[in-house]
Participant: 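What follows is a single structure, and I will ask about it in a moment.
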Amino acid sequence: MSLPLLPDRQCGGCVECCRVIPLSLPELSKPTGQLCAYCVDGAGCSVHAIRPQTCRTWFCLWRVIELSDDWRPDRSGVVVRPDGIEDGVITLFVVRRSEFLASEELFAVVAGWLAEGVEVALSVPGPVGTYPARAVVSDWLRPAVEAGDPDDFTRRVLLSLDKLEQHDWQPDGIEPRYAVTG
Ligand code: SF4
Ligand code: SF4
C-alpha cells in the first residue's frame, strides 16, 4: 500500500520501521523486531539508492496524516501503522512505553478518531522473531473518552498493553538474509 505523504515531513532520525517491520524478500529478510543490518545509527539506510521496493512504499501514518511532531515514532514510542486504515482501523503499535501515552495529545487525537467512527487498535511487539499482539480497543476506550477523563483513558490504555504483553507469542519463521546488491 502506498499512501500520499505529507510534503513537509521527513523521518529525521527515526528508523523505527527499519526495526519493527518484518521483511521476507529474496534480497532482504529480517525477523520482526530486528533492526535491519543496513540501518546505520544516526545515518539511516546505507543502501538507500537500491533499497527494496517495500522500503520505498512502507511509511507509518505520522508521514501521512496531520499529527504533531510529538507523534514521531522515535519520540513517542508509538508507530501508527497504516495496515487496516482502508478498513477504518488505526493501529497504535506501542514499541516503547513513554510519557506520551499519558499525554493530552494522545487522548485528544484518539477521542477525535473515535468521534469520527474510526476504530482504534493497540498493538505491542513480542520478542525478536515473533508476531506482535494486537486488539481493537475502541469500545474499551470509549467510556473514558465520553466522560472526558484523560486519566481513565491512560489507565485503560496501560491495562490493554499489560494484557497484550501476556500474549502467547508465535514465531514469524523468518531467517535473516542480507543480499541487497546494486
Ligand atoms: S534496507 Fe534500508 S530502508 Fe529497508 S529496512 Fe533496511 S535500513 Fe531500512
Ligand atoms: S516509523 Fe515512520 S517516521 Fe519512523 S522511519 Fe519509519 S516511516 Fe519514518
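Just so it is clear, the model here is predicted, and its values are computed rather than measured.
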Participant: How far does CG of Leu161 sit from NZ of Lys163, to the nearest 0.5 angstrom?
Facilitator: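 Spacing of CG (Leu161) from NZ (Lys163) equals 12.5 Å.
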Participant: Do Val145 and Phe107 have side chains that get closer than 4.5 Å, going by heavy atoms?
Facilitator: yes
Participant: In the structure I gave you, are the side-chain heavy atoms of Arg63 and Gln10 within less than 4.5 Å of one another anywhere?
Facilitator: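 Yes, close enough: below the 4.5 Å cut-off.
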Participant: Looking only at heavy atoms, what is the nearest atom pair of Val128 and Gly33, with distance?
Facilitator: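 What the structure gives for the nearest pair is CG2-O, 3.7 Å.
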Participant: Does Glu165 pair with Arg97 as a salt bridge, N-O distance under 4.0 Å?
Facilitator: yes
Participant: Going by heavy atoms in the side chains, are Cys17 and Val79 under 4.5 Å from each other?
Facilitator: no
Participant: CH2/Trp58 to CD1/Ile21 distance, rounded to the nearest 0.5 angstrom?
Facilitator: 3.5 Å
Participant: Given salt bridge (Lys or Arg N to Asp or Glu O under 4.0 Å), test Asp83 with Arg134 step by step and report yes or no.
Facilitator: CA-CA 12 Å; Asp83 32 309; Arg134 175 183 177 275; 5.8 Å; no
Participant: Kindly compute the distance separating CZ (Arg19) from OG1 (Thr32), expressed to the nearest 0.5 Å.
Facilitator: 13.0 Å
Participant: Are Ser76 and Leu101 packed together at the side-chain level, in the sense that at least one heavy-atom pair is separated by less than 4.5 angstrom?
Facilitator: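 Side chain of Ser76 against side chain of Leu101, heavy atoms only: no contact under 4.5 Å found.
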Participant: Apply side chain to side chain donor-acceptor pair (under 3.5 Å) to residues Thr91 and Arg81 and explain how you reach the verdict.
Facilitator: CA-CA 5 Å; Thr91 298; Arg81 296 187 63 127; over 6 Å; no
Participant: For the pair Arg156 and Asp151, find out whether any cationic side-chain nitrogen is under 4.0 Å from an anionic carboxylate oxygen.
Facilitator: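 No, no charged N to carboxylate O under 4.0 Å.
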Participant: Looking only at side-chain N and O atoms, does Ser29 offer a donor or acceptor that is under 3.5 Å from a partner on Glu175?
Facilitator: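 There is no such pair between these side chains.
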Participant: Is there a donor-acceptor pair under 3.5 Å between the side chain of Thr57 and the backbone N or O of Gln53?
Facilitator: yes
Participant: Just wondering, do Val15 and Asp74 contact through their side chains at under 4.5 Å, heavy atoms?
Facilitator: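 The answer is no, as the side chains (C-beta and beyond) never meet within the 4.5 Å cut-off.
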Participant: Determine whether Thr130 and Gln170 satisfy the following criterion, side chain to side chain donor-acceptor pair (under 3.5 Å), listing intermediate values before the conclusion.
Facilitator: CA-CA 5 Å; Thr130 63; Gln170 300 300 309; over 6 Å; no
Participant: For the residue pair Cys18 and Leu35, establish whether any side-chain heavy-atom pair is separated by less than 4.5 Å.
Facilitator: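 In short, these two side chains touch, coming nearer than 4.5 Å.
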Participant: Can you tell me if Tyr38 uses its side chain to pair, donor with acceptor, with the backbone of Val180 under 3.5 Å?
Facilitator: yes
Participant: Taking C-beta and beyond as the side chain, do Val120 and Leu114 meet within less than 4.5 Å on heavy atoms?
Facilitator: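 When only atoms from C-beta onward are counted, Leu114 and Val120 do touch, with a gap below 4.5 Å.
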Participant: Give a yes or no answer on whether the side chain of Tyr131 reaches the backbone of Trp169 with a donor-acceptor pair at less than 3.5 Å.
Facilitator: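 Here the side-chain-to-backbone pair does not exist.
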Participant: How long is the gap from CH2 on Trp62 to CG on Leu67, to the nearest 0.5 Å?
Facilitator: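 These two atoms lie 9.5 Å from each other.
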Participant: Distance-only, no hydrogens or angles: does the Trp71 side chain make a donor-acceptor pair with backbone N or O of Val78 under 3.5 Å?
Facilitator: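 Not confirmed, Trp71 side chain does not pair with Val78 backbone.
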Participant: As a quick check of understanding, evaluate salt bridge (Lys or Arg N to Asp or Glu O under 4.0 Å) for Arg72 and Asp69, giving each step before the final call.
Facilitator: CA-CA 5 Å; Arg72 200 174 90 173; Asp69 283 350; over 6 Å; no
Participant: Where the side chain of Lys30 meets the backbone of Ile174, is there a donor-acceptor pair that is under 3.5 Å apart?
Facilitator: no
Participant: Using 0.5 Å steps for rounding, measure from the CG atom of Asp172 to the CG atom of Leu23.
Facilitator: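 If we round to the nearest 0.5 Å, Asp172:CG and Leu23:CG are 10.5 Å apart.
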Participant: If every non-hydrogen atom of Arg9 is compared with every non-hydrogen atom of Ile65, which pair is closest and at what distance?
Facilitator: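 Shortest heavy-atom separation between Arg9 and Ile65 comes out as NH1-O, 3.4 Å.
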Participant: Can you tell me how far the CZ atom of Arg177 sits from the CG atom of Leu25, to the nearest 0.5 Å?
Facilitator: 8.5 Å
Participant: Side chains of Val110 and Leu141: closer than 4.5 Å at any heavy-atom pair?
Facilitator: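 Yes - at least one pair of side-chain heavy atoms lies under 4.5 Å apart.
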Participant: Determine the minimum heavy-atom distance between His167 and Ala133, stating which atoms define it.
Facilitator: CG-CB, 3.5 Å
Participant: Identify the heavy atoms of Cys60 and Pro73 that sit nearest to each other, and give their distance.
Facilitator: SG-CG, 3.9 Å
Participant: Tell me the closest heavy-atom pair linking Arg56 and Ala49, and the distance in Å.
Facilitator: NH2-O, 2.9 Å
